[in-house]
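Chain A is the first sequence line, chain B the second, and so forth, proteins listed ahead of strands; every chain is numbered from 1.
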Number of protein chains: 4
Amino acid sequence: MEEVSSRQTEGPPLRADAQRNRIRILVAADEVFTENGPGASTEEVARRAGVAIGTVFRHFPTKGDLLGAIMKRLLVELIESAGQRGGGEGLFEFFTELTAQASYKRTVVGLLESGGTAVRLPEAVGHLTEAVGGLLSEAQAAGTVSPDVALPEVMALLVSVTHGAVHGGWDAELRERTLAVVFAGLRPR
Amino acid sequence: MEEVSSRQTEGPPLRADAQRNRIRILVAADEVFTENGPGASTEEVARRAGVAIGTVFRHFPTKGDLLGAIMKRLLVELIESAGQRGGGEGLFEFFTELTAQASYKRTVVGLLESGGTAVRLPEAVGHLTEAVGGLLSEAQAAGTVSPDVALPEVMALLVSVTHGAVHGGWDAELRERTLAVVFAGLRPR
Amino acid sequence: MEEVSSRQTEGPPLRADAQRNRIRILVAADEVFTENGPGASTEEVARRAGVAIGTVFRHFPTKGDLLGAIMKRLLVELIESAGQRGGGEGLFEFFTELTAQASYKRTVVGLLESGGTAVRLPEAVGHLTEAVGGLLSEAQAAGTVSPDVALPEVMALLVSVTHGAVHGGWDAELRERTLAVVFAGLRPR
Amino acid sequence: MEEVSSRQTEGPPLRADAQRNRIRILVAADEVFTENGPGASTEEVARRAGVAIGTVFRHFPTKGDLLGAIMKRLLVELIESAGQRGGGEGLFEFFTELTAQASYKRTVVGLLESGGTAVRLPEAVGHLTEAVGGLLSEAQAAGTVSPDVALPEVMALLVSVTHGAVHGGWDAELRERTLAVVFAGLRPR
DNA sequence: CATGAATGAGCGTTCATTCAT
DNA sequence: AATGAATGAACGCTCATTCAT
């Protein structure tokens, strides 16, 4: 799964060591940008990955490309996670999981919103929206979410609350209480 | 009101021209940081304000001071706005107004979260929290908000949704639909 | 004496308050440059003198002029001190006094050497040289200094040792021991 | 000898081109700081060395590091020079050589005194003091220096006179005459 | 391909100097 | 004459990006 989502998709296949470096860089970048925000230096990423700075730029010609690649990886993970859920509670579960994860994966949201260095991944985001749309439909079919609710506001809440959890430094209790309000708003009266 | 909240409050009164520049810088900074995030350059702020770079630093000795000043101005405005509301619908109105405003004032939230260059205004934030707490109490007394809801999650939702509105570029309809879910979650069942 | 050496010598006479400011600035500058070296800021001098920065520049159009004025004041003091001495030991006494003073008046030497912002005061320095020359002649007449010694090397040693005392942070003992060597070198064999 | 004292001593060996640049920067810095004092700009050093400003900072992360490196280089040279001398006249020779060198190497002393940007090289300075102490002992043993003279005042004179020679712009004759006085002071009566 | 030295635009900040008040 | 706000060149330093090795 890791290998799939990380493999570059255009051009000739990479040599084994190049492929290994690519992943090490992505992992390091995830850590670094998580800890220090998108303003963190690319040198630091290289250092953490144990490669030279030139290697980072060979794999990702600009810093934006690097940020974009991290984001893509995360989106793919999220989409998979969403795809594995279902039923009346699937949407609520996904919502909860995402918010909890966000506490220790600031990148998730910071980048979803193209913070700082602008990044566009409309395609991948589209896939996530589809997956969440599936969960919403199932929940409405099961009667756990009001039929008045539509996908755009669900996505909007998902992103907002996840961002809030990350940047507001919410603890477990605050996360739970906040989600309780949102969930109450989603359920049928 | 604008003049009041922008006047500096310590030291001797500023000369008329200095006071004028101070405001021009704040306005320019608001625009610039809104458009380009807190990483935008102080030079750009000076250029936009039509003053030399030294003038910006004379008024705000560090970039952080400038960011802090903007934030303070905005918080003061918010607190005043909250203070002027009340009754069963006051909290909902304030929520709505804030979210709508945020569409054209990205700074509001971007800075509330002290993104990047750290800014601390605990006192002013505390005042805002108090004001919102007042609105919440009134609403609960009037029976328009469930007694199970507490202030922390209201603040959390306020910040999250406002941020989402800004950075997600929500249009009026999406704002309305998203708030509808949140309000439904706040109201008693 | 103070007033004499500080009065400006060209143009119309100064108003009383201007004259007072001129002296306050010189005193402040002496302190500031003594404490922080010639790199200290002119603002700091103004602050210490209790005047606005514009006033400093009205009296001394450039920073160099200010440094030059301080130096002139000090030279005048030195010349007077030298002029009051005489006899076989006068030169040794002056040497000793200067070195001791320098310990708490770094400016004396720092500026004698036109440190940093170049300053030229050939005229005043000439006067000091003359005064020291007088002391040297008297000492040689009295037989306390070797007839082989000439004025240039005496001045050279004066400046060098004074500088060393200042910047080397010599304590009283080291000053005494170092001067003992120099004096032994000056005396006839 | 030059190459030895200039090679950096920690971390992996530098690439040939980096090593070349490192030396060019040191040489340029020596010139620039000699001509304009420690306040001279790092840009000027880069220009003189024919490299970009970033290269200077890659080799010496702060201006202080650059100043420190120059100083270290010079101290090493001095220590070696002192170490190669000996006998009754060694101290006098070293003194003379140092003073003469200083005429075209202002940095020698300017930095020995850590002017302006503070630099600390206590260890290297200690080595120099030891070397001079050796020369002093030998001279006293040979009877060419009075037993009353101790190391601290010898160092004090060394620094003072060398500084004077540099900043006073002494010509060969003045150097000789001044040293004659100092040497007479050092010799036994 | 990987390396890491070099580049240079750009940033935040300082400060001598000018000039409107 | 005094004030102090405004100016803008210059500085130390960072970092995304390029390219010789």
Side-chain angles (χ1 to χ4, degrees), chain A residues 14-18 21 39-47 50-66 117, chain B residues 12 14-22 39-46 50-66 117, chain C residues 14-22 39-47 50-66 117, chain D residues 12 14-22 39-46 50-64 66 117:
Chain A
L14 291 176
R15 269 173 24 188
D17 57 344
N21 273 344
S41 90
T42 315
E43 280 276 354
E44 175 61 25
V45 172
R47 196 154 34 242
V51 302
I53 183 65
T55 305
V56 174
F57 278 91
R58 164 169 287 270
H59 282 279
F60 307 97
T62 72
K63 190 179 184 178
D65 292 336
L66 178 54
T117 312
Chain B
L14 289 178
R15 258 164 42 178
D17 56 344
Q19 172 70 350
R20 198 166 52 245
N21 271 342
R22 196 188 141 87
S41 91
T42 315
E43 285 273 8
E44 176 61 24
V45 172
V51 301
I53 183 64
T55 304
V56 174
F57 279 94
R58 161 171 277 266
H59 285 278
F60 307 97
T62 69
K63 188 180 184 177
D65 291 336
L66 180 52
T117 312
Chain C
L14 289 177
R15 271 172 26 188
D17 57 344
Q19 172 68 353
R20 198 166 52 245
N21 272 342
R22 197 188 140 85
S41 91
T42 315
E43 280 277 353
E44 175 61 24
V45 172
R47 196 155 35 241
V51 301
I53 181 67
T55 304
V56 174
F57 277 90
R58 164 168 287 271
H59 283 280
F60 307 96
T62 71
K63 190 180 184 177
D65 292 336
L66 178 53
T117 312
Chain D
L14 289 178
R15 255 165 44 179
D17 55 346
Q19 172 71 347
R20 196 165 53 244
N21 272 341
R22 196 187 141 88
S41 89
T42 315
E43 285 274 6
E44 176 62 24
V45 172
V51 302
I53 183 62
T55 303
V56 175
F57 279 95
R58 159 171 279 266
H59 284 278
F60 307 97
T62 71
K63 190 182 181 174
L66 180 52
T117 312

Report the residue (D:Arg20 or C:Gly54) whose heavy-atom-nearest nucleotide on DNA chain F is the more 5′ of the two.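 Per heavy-atom nearest nucleotide, the more 5' residue is C:Gly54.
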
Residue mapping more 5' on DNA chain F - nearest nucleotide basis, B:Glu43 or A:Phe57: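 Comparing both residues, the 5'-ward one is B:Glu43.
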
How close do B:Lys63 and B:Phe57 get, heavy atom to heavy atom, and via which atoms?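 Heavy atoms only, the tightest pair is N-CE2, 4.4 Å.
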
What pair of heavy atoms forms the shortest contact from C:Val56 to C:Ala46, and how long is it?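 For C:Val56 and C:Ala46, the tightest heavy-atom pair comes out as CG2-CB, 3.7 Å.
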
Expressed as a whole number of angstroms, how long is the span from A:Ile53:CD1 to F:dT18:P?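 Computing the A:Ile53:CD1 to F:dT18:P distance gives 12 Å.
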
Whole-Å distance separating the CD atom of B:Gln19 from the P atom of E:dT21: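 Interatomic distance, CD of B:Gln19 to P of E:dT21: 16 Å.
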
Taking 4.0 Å as the cut-off, does a side-chain nitrogen or oxygen of [X] come that near to OP1 or OP2 on [N]?
X	N	result
C:Thr42	E:dC15	no
A:Asn21	E:dA2	yes
B:Ser41	E:dG10	no
A:His59	E:dC1	no
B:Thr55	F:dA5	no
B:Arg58	F:dA6	no

Hey, which of these two, D:Asp17 or C:Pro61, hits DNA chain E nearer its 5' end, going by closest nucleotide?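 Nearest nucleotide further toward 5': that of D:Asp17.
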
Of B:Ala40 and D:Ala52, whose closest DNA chain E nucleotide lies nearer the 5' terminus?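 Looking at the nearest nucleotide for each, D:Ala52 comes out on the 5' side.
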
Quick check for you: among F:dA6, F:dT3, F:dC13, whose closest atom lies nearest to any side-chain atom of D:Lys63?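 Per side-chain heavy atoms of D:Lys63, the pick is F:dC13.
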
E:dA20 pairs with, by Watson-Crick or G-U criteria that keep both distances under 3.5 Å: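 F:dT3 is the nucleotide pairing with E:dA20.
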
Within this structure, what is the OG1-CZ distance for the pair C:Thr42 and C:Arg47, rounded to the nearest 0.5 Å?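 Taking OG1 in C:Thr42 and CZ in C:Arg47, the distance rounds to 11.0 Å.
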
Please round to the nearest 0.5 Å and tell me the distance separating atom CG of B:Asn21 and atom CZ of B:Arg58.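 Separation between the atoms: 11.0 Å.
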
Span that lies between the C1' atom of E:dC1 and that of F:dT21, in whole angstrom: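 So the two C1' atoms sit 13 Å from each other.
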
